[in-house]
Amino acid sequence: MTKRVLFSGGIIFLAIGSAVAQRPPSVIHSSQPPESTFHSSSSLVLVPVIALKDGLPDKTLKRDDFRVFDNGRPVSIKTFDSGAQFSTRPLALWFVVQCNMQGWETEGSGLFAGQINRFKPALKDMDKQDTVAVAHWCDNGQSKLDLLPTSSVEEAAAALEQALLPMPSPNDHDRTGELALQKTLQRIIDATRSLVPEPVPVVIFLYGDYSGMPKAEADHFIDELLETSAVAYGLRDRRSPRIRLLGEQGAVANYIAKETGGEYLRVTPETYATGLAEILQQLHGRYELGFKPETMDGKRHTLRVKLADDVKNEHKRVRLRYRLAYVPNQSGP
């Protein structure tokens, strides 16, 4: 994803309807090579909130228990949905992998090749209305939706293994791969938005996170995701090497996860299903808080979600996880 370091592997992006529900086409930036940009048409901001108590979702909270702050200012919660009440939308689980480049198996998605069946126990516990889909991108610029949302776990597993077949490594792991990833994410958002009723697109990248880029570029990438209310998680095989960089943002997927309210999980082949099940449990138990921003200025707004003072004592061990910011953008195509 940079001139020096390969960007490969997997993050989980949960686009909750959209940070401010999106409009279809992507827009091309004229000052640089083509980049995908996510846009929105509704002024309603949906904030996914995961409340954990001793590591498990706390599903007992109500609308009046939460307080939301936009750039430090309190805002009124206009909509409230709870997984415990089955009022949140179903999930469209998009498994996204990077091409299995020879010589980069441990740094990218290669360790998951031949192991996809290990995820099946968790996938078979999906809610009845949830679907699963597959997409991939490559450092040579390839971007493809391999399987559109379906209820068939077997089809998804076969499509994932096909996407993970070994291929030669390109000579260059520069910006072409980053743009291919952005293009893939935009295609996923567009494809999911066309479904009726529209599910929540959950993009699951299987990823070693041996990645890095200048922090300014990483923040630009995150801003585009924040326009779609993407929440990032990661599944990283423990055998993947860690990366440390001076003067750049290393482990970009971990950085994205932190900024968007998710987390990064380290797993082994024996715990692939356990890691995925933990993520699905959190997503199915999430809350969605909706509010209207004062302005659609296209700038990054800081977010803060807390429990009301009068309920903190009752929920002392509850920890809230949510995105740290969002970008209200109502641009035309």
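All figures in this text were calculated on a predicted structure; none of them were measured in a lab. FYI, side chains are in, hydrogens and waters are out, and symmetry mates aren't considered; it's all heavy atoms of this structure.
At least one donor-acceptor pair under 3.5 Å links the side chain of S109 to the backbone N or O of Q98. One N or O on the side chain of R321 and one on the backbone of G261 form a donor-acceptor pair closer than 3.5 Å. The main-chain N or O of I77 is found under 3.5 Å from a side-chain atom of R63 such that the two form a donor-acceptor pair. The backbone N or O of G103 sits less than 3.5 Å from a side-chain atom of E105, completing a donor-acceptor pair. Counting only distance, with no hydrogens or angles, the side chain of Q281 and the backbone of P57 share no donor-acceptor pair below 3.5 Å. Between the side chain of T260 and the main chain of I256, a donor-acceptor pair closer than 3.5 Å is present. Counting only distance, with no hydrogens or angles, the side chain of D209 and the backbone of N254 share a donor-acceptor pair below 3.5 Å. Without hydrogens or angle criteria, Q102 side chain to S169 main chain gives no donor-acceptor distance under 3.5 Å. Not a single donor-acceptor pair under 3.5 Å links the side chain of D237 to the backbone N or O of T268. With R187 contributing its side chain and A135 its backbone, the two residues share no donor-acceptor pair below 3.5 Å.
Atoms CG and OG, on L111 and S240 in that order, are 4.5 Å from each other to the nearest 0.5 Å. Interatomic distance, T131 OG1 to L195 CG, rounded to the nearest 0.5 Å: 7.0 Å. Rounding to the nearest 0.5 Å places CG of L226 at 7.5 Å from CD of E259. Rounded to the nearest 0.5 Å, atoms CZ (R118) and CG (L276) are 14.0 Å apart. Interatomic distance, CG of L265 versus CZ of R236, reported as 11.5 Å (0.5 Å rounding). Rounded to the nearest 0.5 angstrom, R319 CZ and I50 CD1 are separated by 15.5 Å.
Here the closest heavy-atom approach between residue G285 and residue K59 is recorded as CA-CE, 4.0 Å. Contact detail for Y326 and P293: the closest heavy-atom pair is OH-CB, 3.1 Å. Nearest approach of H284 to L91, heavy atoms of both residues: NE2-CD1, 3.4 Å. The heavy-atom pair separating E278 from E263 by the smallest distance is OE2-OE2, 3.9 Å.
Between F66 and L320, the closest side-chain pair of non-hydrogen atoms falls below 4.5 Å. Residues T60 and H315 meet the side-chain proximity criterion, which asks for heavy atoms closer than 4.5 Å. Two residues are said to be in side-chain contact when any heavy atoms from C-beta on lie closer than 4.5 Å; V305 and L303 fail this criterion. Here the side chains of P328 and H301 are in contact, with some heavy-atom distance below 4.5 Å. Contact check for D219 versus R300: side-chain heavy atoms found under the 4.5 Å cut-off. Using a 4.5 Å cut-off on side-chain heavy atoms (C-beta onward), H136 and T184 make no contact. With a 4.5 Å cut-off on side-chain heavy atoms, V311 and K62 do not count as touching. Within the 4.5 Å cutoff, no side-chain heavy atoms of V45 are placed close to those of V75.
Residues M126 and V134 share a single hydrophobic cluster, defined by chaining ILVMFWY side chains whose heavy atoms lie under 4.5 Å apart.
In this pair, F205 and W137 present their aromatic rings perpendicular. The plane angle is above 60°, beyond the 30 to 60° band. Using cut-offs of 30° and 60° on the angle between ring planes, the pair F119 and Y272 is parallel.
Within 6.0 Å of the NZ atom in K306, the count of heavy atoms belonging to other residues, nucleotides or ligands exceeds 12. Applying the 6.0 Å contact sphere to NZ of K144 captures no more than 12 heavy atoms from other residues, nucleotides or ligands. Residue K299 places its NZ atom among 12 or fewer non-hydrogen atoms of other residues, nucleotides or ligands, all under 6.0 Å distant.
In the model, D58 has no side-chain atom that pairs as donor or acceptor with a side-chain atom of Y287 under 3.5 Å.
With salt bridges taken as basic N to acidic carboxylate O contacts below 4.0 Å, none links D70 and R73.
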Step by step, would you call F112 with F95 a ring-ring contact (aromatic ring centres under 6.0 Å, His included)?
-> CA-CA 12 Å; F112 294 96; F95 280 86; 9.6 Å; no
